[in-house]
Amino acid sequence: MAEDLELRGYQEEVVERALRGENVIIWLPTGSGKTRAAVYVAKKHLETTRGAKVVVLVNKVHLVAQLYTKEFEPYLGHGYTLVPVSGDSKEKDFFGPVLKDSDVVICTAQILYNAMTNMEETKHVELSDITLLIIDECHNTHKESVYNKVMACYVEKKLERELPLPQILGLTASPGTGGAKNLEKAVDHVLEICANLDSAIVSTKNCVSELKQKVPRPVKQFDIVDKRLEDPLGDHLKRMMEMIHEYMNIPPDFNLRKCGTQEYEADVVILEQNGVKQNNRLLAQCALHLRQYNDALLINDTLRMMDAYRSLNEFYKNKSTTAIDGTDYFLAGLFQENQVELKKLAGDSRYENPKMGMLETTLLTQFGPSVKSKGILFSKTRKSIYCLKDWVLDNKALQEAGVKAAILTGAGNGNTHMTQQKQADTIRDFRDDKVNLLISTSVAEEGLDIPECNLVVRYGLLTNEIAQLQASGRARAKESRYSVVADKGGKEVRRELTNECLEKLSIEAIAKVQQMSTPEFRTKIAKLQKEAVCLRKLTEAGKREKRGRNTAASVKLLCRNCLKVVACGSDIKLLDDMHYVNVNPDFERHYTVGGEVNINKSFEDWEPGRTINCNCPARGRSSTDWGFEMKYKKRAVLPNVAIKKLAVETPLHGRMTVKKWKDVPFTVEDFSLEKYCQDNYPDMFD
């Protein structure tokens, strides 16, 4: 039997226009029941619309199962056919029939977009096949996001009057300001989000007190510490960096900013790219190593000194055995000569990071042997949250206070990622009090169904106003606290205060948009939509022109580490619109294979094989990780190559680096199994 679906007053108010069939964005804070309101709209839509088809889009894979299990299935599962579809499910390969045979489909935006652009009958869907499109966390509908790609198709069809189109229902805790610092620009940003979603933005006006009672704001506190008076480890690392600066002969017109900052990291990234472009391996490799030293300084500033040392030590493992030239020997030798001293300094407790002491104090104000508390500790990187968990386990006071910590990271296939099942198990343990402190990256800020907390701590984080608002929204228990642990006068405090101002600015901007008359609002939206369509067409034309400048055969691909040519552009083919593989059998002589790649899911046409690494001719040893072999159709072994590990060289513009294959300056042809077999096994076709 389906559960009764009742709304609070503020929820009833925000769904009014949606129930009349209008396109709207529901703006309500984290924990207020936006999704429940969307379920109500979906239910009424299914009851009143002939041939109704509801599609619910999420931007993270783990939210598919969560929204299906926790929200839609309990209220709609008994009267309607609901299907969750993610990259792990076979339904994605038959999305057309699945949608046709279902009432409600919950999926990632990528799966819907793939189905819209794939013309195979079993996979293709049109927007006209959908009658209600619900978009979770819809503030992400901008720039090159998949949400915006889906809605770009919608807007183009709307402007060309290709009807029918689905009703749109967006959900957000905050549209943000888009980087705007004044009201006029913030209004422009909100209007742009509305234009991208072809929707008006609605919020409660008559039930504000009820909303505040349901979703109380936590007490905010800044737990500030004075900076270290002495930092021998940091000083020693900086002296080593200076030695690398002198060795690498930095161009006189290039000014590096302060060590141990994000700005310095950005500078050495540019230096590495310049080194690759100029065929200057010394410059490129020194810049790569400087980035690791800078990471160690950042860790030293945020975590324990020993965490900083271990980070650098891990990087330098096996570096001397994979050396190519004198640059490698100098860099590896520099670390080896200083390794004992670095470890000694890292173990000197007199100079330990004072922020760790303040973090301990902050946690102990809420946790104790007889105190029932739940908290989330947010930190920036996966590396930092693992270090923080080790610290909690090693901290006697926290253990005596009953702190039971667990890590929560994003889903994925890397060593520091979590499977969806592990995520679900961790959150269940948190709900069942087996765990009372989640140590998390930003994955816990948005979307995940996490129980109410009475403590949220942001530690070493610099984020925007949306992420800050979502994080604070996790502290929903009565008399909860939201703590920012930071250095006195540090960037974290300044960013937090700036975000508070931006949050207020966003609220003002939304109010301005809501005050517009309907004709004024529609005129502005239509203008923005037409401009966006024109800009997309111009951008796409520019990309086509760029790719057309070079034939694939004229483009060389080089290892980004040893700078040797290892392939040409025509060797690369695009498999299943996703994987960039090298089909030239001669490529095999440029790499060695490592261990088997383990991915915790199966795929229809392929399975992972072994890792592939650059086989530098100077030493004959495996060094740079290029990707992994794919076993396609259980027969063809295809190297799946990461472009970020390679450099690109064209006849016209010389050498360059790109982050993604879609940005390469040549056209990559689709993979053909028949042609692959003809080229590689000609005897089969005699």
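Residue numbers run from 1 in the order of the sequence given.
Taking the salt bridge (charged side-chain N to carboxylate O under 4.0 Å, His left out) definition, one finds that Glu162 meets it with Lys157, sequence neighbours left out. With sequence neighbours left out, Tyr40 forms a ring pair (Phe, Tyr, Trp, His ring centres under 6.0 Å) with no residue at all. Contacts of Glu520 classified as salt bridge (charged side-chain N to carboxylate O under 4.0 Å, His left out), with partners at least two apart in sequence or in another chain: none. Listed by chain and residue number, nothing satisfies the ring pair (Phe, Tyr, Trp, His ring centres under 6.0 Å) test with His45 (two or more places apart in sequence, or in another chain). Scanning for side chain to side chain contact (heavy atoms under 4.5 Å, CB included) contacts around Glu121 gives an empty result, with sequence neighbours left out. Qualifying salt bridge (charged side-chain N to carboxylate O under 4.0 Å, His left out) partners for Arg161, counting only residues two or more places apart in sequence or in other chains: none. Under the side chain to side chain contact (heavy atoms under 4.5 Å, CB included) criterion, Glu545 pairs with Arg549, not counting sequence neighbours. Residues meeting the salt bridge (charged side-chain N to carboxylate O under 4.0 Å, His left out) test with Glu73, sequence neighbours left out: none.
Classification of Arg458 and Glu492 as a salt-bridged pair fails, no side-chain N sitting under 4.0 Å from a carboxylate O.
The salt bridge (Lys or Arg N to Asp or Glu O under 4.0 Å) contacts involving residues 21-35 comprise Arg17-Glu22, Arg20-Glu22, where partners must be two or more places apart or lie in separate chains. The stretch residues 192-201 participates, sequence neighbours left out, in these salt bridge (Lys or Arg N to Asp or Glu O under 4.0 Å) pairs: Lys158-Asp198. Residues in residues 143-152 take part in no side-chain hydrogen bond (donor to acceptor under 3.5 Å, both in side chains) pair, two or more places apart or across chains.
Using a 4.5 Å cut-off on side-chain heavy atoms (C-beta onward), Met151 and Ile168 make contact. Side-chain contact between Ile134 and Val54 is present, with at least one heavy-atom pair separated by less than 4.5 Å.
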Result block: side-chain N/O donor-acceptor pairs under 3.5 angstrom for residues 656-669, not counting sequence neighbours:
from   : atom 1 : to     : atom 2 : distance (Å)
Trp661 : NE1    : Val641 : O      : 2.9
Glu669 : OE1    : Lys573 : NZ     : 3.1

